[in-house]
Amino acid sequence: MVDVTALGARVASSAVAPLVRRLFVRDGPGAGLVDRPVRISALVSFRGEKRSVTPKDLDKIAGELVRRALTSAGPGEEPVDAAEAAAVKDALARTLARLGEITVEDYEAVGLGPERFARELSAGVALAPYGLGEGGTLLYERLLHTASLHILNFLTQRSTYVARRQTVQTQQLSRLVQAVDVLLERLPSQSAEDAGFEERYADHVAARYGTLTIYGLDAGTREWPLDTAYLSLEATRPRHGRHGTGGAGGAGGAGPLRLSAEQVLAGHDQVFLRGVAGSGKTTLVQWLAVTAAGRVYDHGMPHLIGRVPFVLPMRRIVRPGAELPLPGDFLRAVGAPVAGEQPPGWAERVLRAQRGVLLVDGIDEIADDRRAAVRRWLRELVRAFPGNLWLVTSRPSAVPQDWLAAEGFHELDLARMGRAEVDTFIRRWHRAAGAEESVGEALRHAVRTTSELNRLATNPLMCGMLCALHRDRRGFLPQDRRSLYEAALTMLLERRDRERELHSPAGAALPYATQVQLLQKLAWWLIRNGRAEMDRDEALQIIGRAIPALNLSGADDQEVYDALLLRSGLLREPAEGRVDFLHRTFQDYLGARLAVQEMDFDLLVDHAHRDEWEDVILLALAHARPKEAEYILRRLTEPGTPRGSLLAAAGLRYAAEVEPGVRERVEDGLAAHVPPAGLEAAVEVAQAGGDLVLGMLPGPDGVDERTAYLTVQTAIEVGTEAALHFLTRFRDHPSEDVQRALAGAWDRFDRGRYAQEILAHLTYQSYLVVSTPEDLRTLVPLGGWQRLTVRGSYRVEDLTALIVPERLTHLALDAPHPVEGLSWLSAFPRLTSLYVGTDVDRSVAGQVPSWVEEFETPSHAERTYLQG
């Protein structure tokens, strides 16, 4: 028998080269345009309307390669029989067809080399269905390697390759020069001691913040690499008019409504970012820290190059009776192991050189009586060290609006996840978990079609829990928050060790109910005292007082504490001698459960005005028995209870049973807020009432333009299937402001259905944001769209192939631009207005009406606007 690995090499180049050339189109007019990407999928001759090679021809080419390989074997050397040779031919034909699917560019493919390029081609081809034996598999691999070698050789001989490669190298060199210029400008002359410490500190930041905790993997939690797990979210400008200098419309009179969250420090040195629990605030802080500390300069964020990040979690550095740290004490305050190596005065030198990125995370996680001191601390630091980058995060209502405005901070809100972000998260989670793709697809369908699940899947934490429970329960999912948390606790506390076969865990063996009781006591103590963490001694005292009533004879408080800390997955020690909950959401759930057991209903209502108690109250309503829930709802709707009526309306969804009179009282309280007085009120009413508020909103007839606009915005914020049906009543409304709002909301719903039921009926086409090729495909049946904003990375061939050229008149590119330049815009003969930049909404505003004062006028340097 012949050595199969040598057969591919016996196929002469004179025989293979003509076969490979048949796979690709010939260079024609325009092939010399080297400033656009040359992707292999665009070169093959068996795609598109005018095919010179058919799928049958692919079979013939593969068959000819197999035949020539077998012919080159000597008598009696045939490694496979006729049947397996046919299977090799089929597998090879399918693999060659992958040339029409992969998005690798020609110069990138050559850089891979034949071995890695062959693996790229075969990555999407499963060999199992072809039934190849060992000899057949080896023959397939060798022929694929030989074909790959000739394909790459063919690519290097094309007329555009050398010029294209030079263009790419020029672009790479340009980016490198830009990065070096930034570094030379930003980096001062340093002592060897400072430079060496900065390098060690950067390694520490990458190691400490370079992973994320992903809930639900392996029936518990797992650390996921940050660069794989990070999901780009969006930040939005608050809708309450405090930034205003003008109206909407025009090409330079508006501030951005939405921008990538990781770019929040690109336009402003000081940002105050609000976001709900689990929305990704801390993850963003980690990502910015790791990016700033990294030695990579092509990430598209020159404002972070040469910077030094300081991550300052408030729960760690604000201690009872302790002073807030000065820059020289930052690292020690957060427990950084490298703090002892820090050269004297290093932090101050970094800040005086305006190289700092100060990431202050969790204003909401400190007690109310310390927040004023924190604001003074921030003010003094900003004034003492101007020119550094600052990001401060908090839950939405922990502090008043404009809390840091006097200190020069611009406020932004972290947006909830849209449909596209939820789909992306679910795909990544299942890939990391090693789950079948069909399982993830089933969950995506369930989230899209079930209003309760859609309401839950709004942030990374909740999406992770949904993914874990969906897989764990084989497709069965809880339909409300209480059931979701209860199932998650069962998975974390009861099944985690059993499924990992930890039969003798460290610490005392605690039954599930006992763990829950102890965790509840710790959580409720933290909530009552307005604390985010406690001393270990305080935790031991709470546990010690509870042990006699929990039938834990023979166990001491330290053993029980160790068991909770090491085995529950819910507690952690962020610093020596300190303990907190892994996430605030679990603390709120467990604390609310004990509040109901202790009948602390008045205490709950008395704190209804405080943001950090909102989830506790709602979850208490979910735990409460009917009469208890009715008492809480009556108290919330009493006059003089700030935000009580909205909180009561939100609580109706949590209460299992409510007496009709109480329900009517709650609904009347909600109706007093309808129609909402402004955009901020519209968001609050929608979040509180959900589908309930839709029946209270006025119809399109007989209302003024402002009321119609606010009504539409309220329904958009509700975001359910019922809300989409409600919005169809306004699609023919004559107000341009209403039509702008409807056009701007299509990413909040299923795009395909929204396009057919809303967009297709609009008479005024304002700017529409598209982020993926699928978005553009959705618009094709509508005949295209006149005004488009392309947000995020894009491929030129996707835009030219999927945008209807006869329709497009206005285009905004809010994205990192590829190296093609703008010559491809000649494909759009009616294009009259083009905006190129990374802050696109400043020129294409029009998403809110002129009477909403929420915009800033950009400087000329902040925008590039091309007209005509």
Side-chain angles (χ1 to χ4, degrees), residues 169 172-211 225-227 230 262 265-266 269-270 284-313 316-317 322-361 377-378 380-392 574-576:
Q169 290 176 334
Q172 292 172 339
L173 182 61
S174 176
R175 287 193 293 267
L176 182 59
V177 169
Q178 180 188 20
V180 171
D181 287 344
V182 171
L183 282 171
L184 290 174
E185 178 183 350
R186 193 164 287 160
L187 288 179
S189 59
Q190 289 182 299
S191 67
E193 186 181 20
D194 277 8
F197 174 74
E198 266 186 40
E199 187 170 345
R200 294 192 298 277
Y201 176 62
D203 291 338
H204 159 73
V205 170
R208 181 165 184 170
Y209 302 108
T211 57
L226 182 64
D227 56 356
Y230 180 70
E262 58 268 24
L265 294 176
D269 288 350
Q270 298 163 214
L284 175 63
V285 164
Q286 288 186 226
W287 192 89
L288 289 171
V290 171
T291 303
R295 300 168 183 83
V296 177
Y297 306 126
D298 59 353
H299 45 53
M301 291 188 292
H303 58 287
L304 295 181
I305 294 175
R307 300 275 187 176
V308 177
F310 296 93
V311 180
L312 303 172
R316 298 286 305 279
I317 67 175
E323 294 293 327
L324 289 162
L326 296 174
D329 297 321
F330 283 170
L331 302 191
R332 181 191 56 78
V334 299
V338 297
E341 306 173 30
Q342 180 177 331
W346 167 77
E348 289 81 358
R349 287 192 291 274
V350 168
L351 298 182
R352 279 197 294 270
Q354 301 183 350
R355 297 174 53 228
V357 182
L358 297 106
L359 305 167
V360 182
D361 188 28
W377 173 71
L378 289 170
E380 291 169 3
L381 287 174
V382 168
R383 290 176 179 175
F385 301 102
N388 294 284
L389 301 182
W390 287 83
L391 177 69
V392 181
E576 180 65 28

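Because the structure is predicted, anything quoted here is derived from the model rather than measured. Both backbone and side-chain heavy atoms feed into the values below; hydrogens, waters and symmetry mates do not.
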| note | Taken in chain and number order and not counting sequence neighbours, the residues that satisfy side-chain hydrogen bond (donor to acceptor under 3.5 Å, both in side chains) with Arg332 are none
| field | Polar side-chain atom of Arg307 near backbone of His303 as donor-acceptor pair, under 3.5 Å | value | yes
| Just by distance, with hydrogens left out, do Trp346 and Glu193 show a side-chain donor and acceptor under 3.5 Å apart? | no
| field | Contact check, side chains of Leu389 and Leu304, non-hydrogen atoms, under 4.5 Å | value | yes
| said: Are the side chains of Leu378 and Trp390 in contact, using a 4.5 Å heavy-atom criterion? | reply: yes
| task | Taking all heavy atoms of Asn388 and all of Leu358, pick out the closest pair and write down the distance. | result | CB-CD1, 3.9 Å
| side-chain contact (heavy atoms from CB on, under 4.5 Å) with Arg352: which residues, sequence neighbours excluded? | Glu348, Arg349, Phe385
| Residues forming a ring-ring contact (aromatic ring centres under 6.0 Å, His included) with Phe330, sequence neighbours excluded | Phe310
| With sequence neighbours left out, what residues match Asp361 under side-chain hydrogen bond (donor to acceptor under 3.5 Å, both in side chains)? | Thr282, Thr393
| said: Can you confirm whether Val357 sits close enough to Leu265 that some side-chain heavy atom of one is under 4.5 Å from a side-chain heavy atom of the other? | reply: yes
| task | Tell me, please, which residues at least two apart from Glu199 pass salt bridge (Lys or Arg N to Asp or Glu O under 4.0 Å). | result | none
| message | Can you list everything that forms a side-chain contact (heavy atoms from CB on, under 4.5 Å) with Ala293? Sequence neighbours excluded, please. | response | Ala202, Val205, Pro309
| query | Do Val350 and Glu198 have side chains that get closer than 4.5 Å, going by heavy atoms? | reply | yes
| Partner residues of Tyr209 under the ring-ring contact (aromatic ring centres under 6.0 Å, His included) criterion, sequence neighbours left out | none
| Out of curiosity, Leu312 CG to Leu381 CG, how far, rounded to the nearest 0.5 Å? | 9.0 Å
| message | I'd like to check the side-chain contact (heavy atoms from CB on, under 4.5 Å) partners of Ala336; sequence neighbours left out, ordered by chain and number. | response | His204, Arg208, Leu331, Val334, Val338
| said: Tell me the closest heavy-atom pair linking Val290 and Ala206, and the distance in Å. | reply: CG2-CA, 4.5 Å
| message | If we ignore hydrogens and angles and just use 3.5 Å, is the side chain of Gln286 paired with the main-chain N or O of Thr211 as donor and acceptor? | response | yes
| request: Would you indicate whether the side-chain heavy atoms of Leu391 and Val360 approach each other to under 4.5 Å? | output: no
| Who passes side-chain hydrogen bond (donor to acceptor under 3.5 Å, both in side chains) against Gln342, sequence neighbours left out? | none
